[in-house]
Amino acid sequence: MGKVDVNNGNGKPDLTAVATLEDRLELTPEEIPLAVRLEATTPQSDRLAEIVRLLLQELGMDIENQHFRETPERVARFYREFTRGVCVKPETILKTFRSEVRELVAVSAIDFFSLCPHHLLVYGGKIHFGYIPNGQIVGISKIPRLVHAMAARPIVQEELVSSIADAFMSVVKPTGCIVKAIGKHDCIGVRGVQCPAVAMTTVTKRGIFEQERIYSEEFDRAIAEGQRCVR
């Protein structure tokens, strides 16, 4: 199983940000004992947490107040969690199976969260994904895993859908794929124009979805039906 170690600000491995990219982005039970042993030898000082502490002081906050004492460490963990996908390798996530299926496969309402690179504020919502197989299919759980991995980094929504589509096309090589994201952004909801009800929709198409409108229409119908599914 592949593993990507993400360094923190002081150049040491950040064990909370280790990404096991085959199936998920967290440590397995088998890896935890090793992580604990490594952590015991790792300096406890964290440059990112120190930077957050300086930020709070610059803003006039009393960092000795009970509500701020552990805030630098919490914020450091938060940003590492939201940037853990910078080293993602899609080929380690997308497990394929041979198949003669040539019909539309659609996965609807995948929850996602990402970071706006302009303000480092959160945005998120739903992503809908579809593809036409061409000799191979992927396990259904791999599609949400790919979405979550690609979203776990600072990236604008327009480029997020494109990066998901390109990653899927390069690994699975389907006849075509389509990605639709509907997101709400804190950067326009809580600051600036302050329009929290505004939603942004981005769509990217590859292969046959670009060439034949009928496939995009079938995808839209499938997504609408998926939204009504109750189990």
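What you see below is based on every heavy atom in this structure, not just the backbone, and it leaves out hydrogens, waters and symmetry mates.
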- prompt: salt bridge (Lys or Arg N to Asp or Glu O under 4.0 Å) between Arg69 and Asp62: does it pass, once the steps are laid out?
  reply: CA-CA 9 Å; Arg69 284 176 195 154; Asp62 177 10; over 6 Å; no
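- Distance check, rounded to the nearest 0.5 Å: CD1 of Ile127 to CG of Leu146 gives 9.0 Å.
- For the pair Arg80 and Leu48, the minimum side-chain heavy-atom distance is below 4.5 Å.
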Donor-acceptor list for residues 115-124 side chains, cut-off 3.5 Å, not counting sequence neighbours:
| unit_1 | atom_1 | unit_2 | atom_2 | d |
| --- | --- | --- | --- | --- |
| His119 | NE2 | Arg191 | NH1 | 3.4 |
| Tyr123 | OH | Ile155 | O | 2.5 |
| Tyr123 | OH | Gln157 | N | 3.4 |

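- Considering CD1 of Ile223 and CD of Glu218, their distance stands at 11.0 Å, rounded to 0.5 Å.
- Atom-to-atom distance recorded for Cys177:SG and Glu210:CD is 9.0 Å, nearest 0.5 angstrom.
- Ring pair Tyr215/Phe219: centre-to-centre distance not below 6.0 Å.
- One finds the CZ atom of Phe113 at 10.5 Å from the CD atom of Glu81 (value rounded to the nearest 0.5 Å).
- Applying the side chain to side chain contact (heavy atoms under 4.5 Å, CB included) criterion to Glu225, with sequence neighbours excluded, gives Arg228.
- At least one side-chain heavy atom of Arg102 sits under 4.5 Å from a side-chain heavy atom of Asn134.
- In this structure, Ile182 and His128 have side chains that are in contact, with non-hydrogen atoms separated by less than 4.5 Å.
- Side chains of Thr201 and Lys180 form a contact here, defined as non-hydrogen atoms less than 4.5 Å apart.
- Remark: Glu73 pairs with Arg53 by the side-chain hydrogen bond (donor to acceptor under 3.5 Å, both in side chains) rule, at least two apart or across chains.
- Listed by chain and number, the residues in a side chain to side chain contact (heavy atoms under 4.5 Å, CB included) with Glu217 are Arg213, Arg221 (sequence neighbours excluded).
- At a threshold of 4.5 Å between non-hydrogen side-chain atoms, the residues Ile178 and Val203 count as touching.
- Listed by chain and residue number, Tyr131, Pro133 satisfy the side chain to side chain contact (heavy atoms under 4.5 Å, CB included) test with Val105 (two or more places apart in sequence, or in another chain).
- With contacts defined as side-chain heavy-atom distances shorter than 4.5 Å, the pair Asp111/Lys126 qualifies.
- Taking CD1 of Ile63 as the reference point, atom CG of Leu54 lies at 8.0 Å (rounded to 0.5 Å).
- No side-chain donor-acceptor contact under 3.5 Å links Ser216 to the backbone of Glu212.
- When side chains are defined from C-beta on, Lys184 does not count as touching Met200, because their heavy atoms never get closer than 4.5 Å.
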Kindly list each side-chain donor-acceptor pair under 3.5 angstrom involving residues 163-175, sequence neighbours excluded, with atom names and distances?
| unit_1 | atom_1 | unit_2 | atom_2 | d |
| --- | --- | --- | --- | --- |
| Ser163 | OG | Arg153 | NH2 | 3.0 |
| Ser163 | OG | Glu159 | O | 3.3 |
| Ser163 | OG | Leu160 | O | 2.8 |
| Asp166 | OD1 | Arg206 | NE | 2.7 |
| Asp166 | OD1 | Arg206 | NH2 | 3.1 |
| Ser170 | OG | Asp166 | O | 3.3 |
| Ser170 | OG | Ala167 | O | 2.8 |
| Lys173 | NZ | Ser170 | O | 2.7 |

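- In this structure, the separation between NZ on Lys142 and OG1 on Thr92 is 10.0 Å, given to the nearest 0.5 Å.
- Counting heavy atoms from C-beta on, the side chains of Ile137 and Thr96 never come closer than 4.5 Å.
- A donor-acceptor pair under 3.5 Å links the side-chain atoms of Ser114 to the main chain of Ala151, judged by distance alone.
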